[in-house]
Amino acid sequence: MPELPEVETVRLGLVPVMEGRRIAAVRVNRPDLRRPLPAGMADRLTGARVLRLNRRSKYLLADLDSGETLIVHLGMSGRILVAGAPRPGLFHHPQPAAGRHDHVVIDIEGGARVTFNDARRFGLMDLVASDRAEAHPLLAGLGPEPLGNGFDEDYLVARLAGRRSPVKAALLDQTVVAGLGNIYVSEVLHRTGISPLRQAGRIAAPRVRRLVPAIREVLAEAIAAGGSSLRDYRQTDGELGYFQHRFRVYDRAGAPCPRPGCSGTIRRTVQAGRSSFYCPACQR
DNA sequence: CTTGGGACCTGTGAGC
DNA sequence: TGCTCACAGGTCCCAA
């Protein structure tokens, strides 16, 4: 579900309710996510103050004043929703009913309630010492942030050189660049006129270089749109993202290619078990 | 080392 | 209405 833009949108929604605030209470309804929740998580979180909320690739990282960092991944179907708590002194204002897959509920001092909901339970949480967070096995192997300084044209040319896998797979490889997923790879390849089927190492360098600004553009536009909502994904206030209305190829099999002057038809194919969408007429 | 395939888990929509 | 199948924003593990 959530790729980098969706996770960044969630982070932006959580910053105002979590940063600088103390965690008042934590309830775990189901500890068996993709991996078991860390031992004693509720106790280790309770009372800690959130210093800063960061993102690395598709991971959210909450640095706590306890010296630990909470790592959260949303998997395919994970959501984080924020609700205001009942206001003291007022007529009782009930919290929204607990949802079917509300696995972890975090109450923030001052009244906000942050709920982690994940139907498929491919998401995960872990707690690590903050000074060793980057070395965490989940994070250590990640490639550069596509919106950061460590990602540029020369780097990508070098990383794709010699690769025989399709460029679709190469861009989904989180050690090459961290944060792209199935939607945005398809969108980037359409914008650059590169077929997802093309072998990564056999794309001329000038075309590889064009991928870099295209990746940055697509991600930035999607973040500005609050991400893409297909099924599960919501912003933290429950609103849908709206970048799905701007998809040029993803989930649009049979539709005419939106590229000006192109008369092709969007096609769906399967690569490594995942759908790819592209225009066979203008993507080569 | 790289690459592909299956596994993990639940929900939804299409087709019969 | 009810069943079955395909498919879904991700990642890990294992075999070739």
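Naming: A, B, ... by sequence-line order, numbering from 1 per chain.
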> What pattern of brackets, bars and dots sums up DNA chain B from 5' to 3', given Watson-Crick or G-U wobble pairs under 3.5 Å, [ ] for crossing pairs and | for another strand?
Replying inline: .|||||||.|||||||
> With the sugar-phosphate defined as primed atoms, P, OP1 and OP2, and the base as all remaining atoms, what B/S/- string results for nucleotides 8-15 of chain B, 5' to 3', for protein heavy atoms under 4.0 Å?
Replying inline: BBBS----
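- Residue contacts for A:G273: at a heavy-atom cut-off of 4.0 Å it reaches no nucleic acid atom on any strand shown.
- Phosphate contact (OP1/OP2 of C:dT11, side-chain N/O of A:H73, threshold under 4.0 Å): present.
- When the side-chain nitrogen and oxygen atoms of A:S275 are compared with OP1 and OP2 of C:dC7, none of them lie within a distance under 4.0 Å.
- Contact of the A:R79 side chain with the A:Y233 side chain is not registered, since no non-hydrogen atoms from C-beta on lie closer than 4.5 Å.
- Counting any heavy atom pair closer than 4.0 Å across all strands shown, A:L138 reaches sugar-phosphate atoms only and no base atom.
- Nearest nucleotide to the side chain of A:K58, out of C:dC12, C:dG10, C:dA8: C:dG10.
- Following rounding to the nearest Å, A:L33 (CG) and C:dC12 (C1') show an atom-to-atom distance of 16 Å.
- Going from atom CG of A:L172 over to atom P of B:dG4 covers 12 Å, rounded to whole Å.
- The phosphate of B:dC1 has neither OP1 nor OP2 within less than 4.0 Å of any side-chain N or O from A:R164.
- Each of A:Q271 and A:R159 was assigned the nucleotide of DNA chain B with the nearest heavy atom; the assignment lying further toward the 5' end belongs to A:R159.
- The side chain of A:R274 contributes no N or O atom lying less than 4.0 Å from OP1 or OP2 of C:dA8.
- Not a single salt bridge (Lys or Arg N to Asp or Glu O under 4.0 Å) links A:D251 to another residue, sequence neighbours left out.
- Between A:S165 and B:dT2 there is no side-chain N or O to OP1 or OP2 distance below 4.0 Å.
- Aromatic ring orientation, A:F247 versus A:Y184: perpendicular (interplanar angle above 60°, classes split at 30° and 60°).
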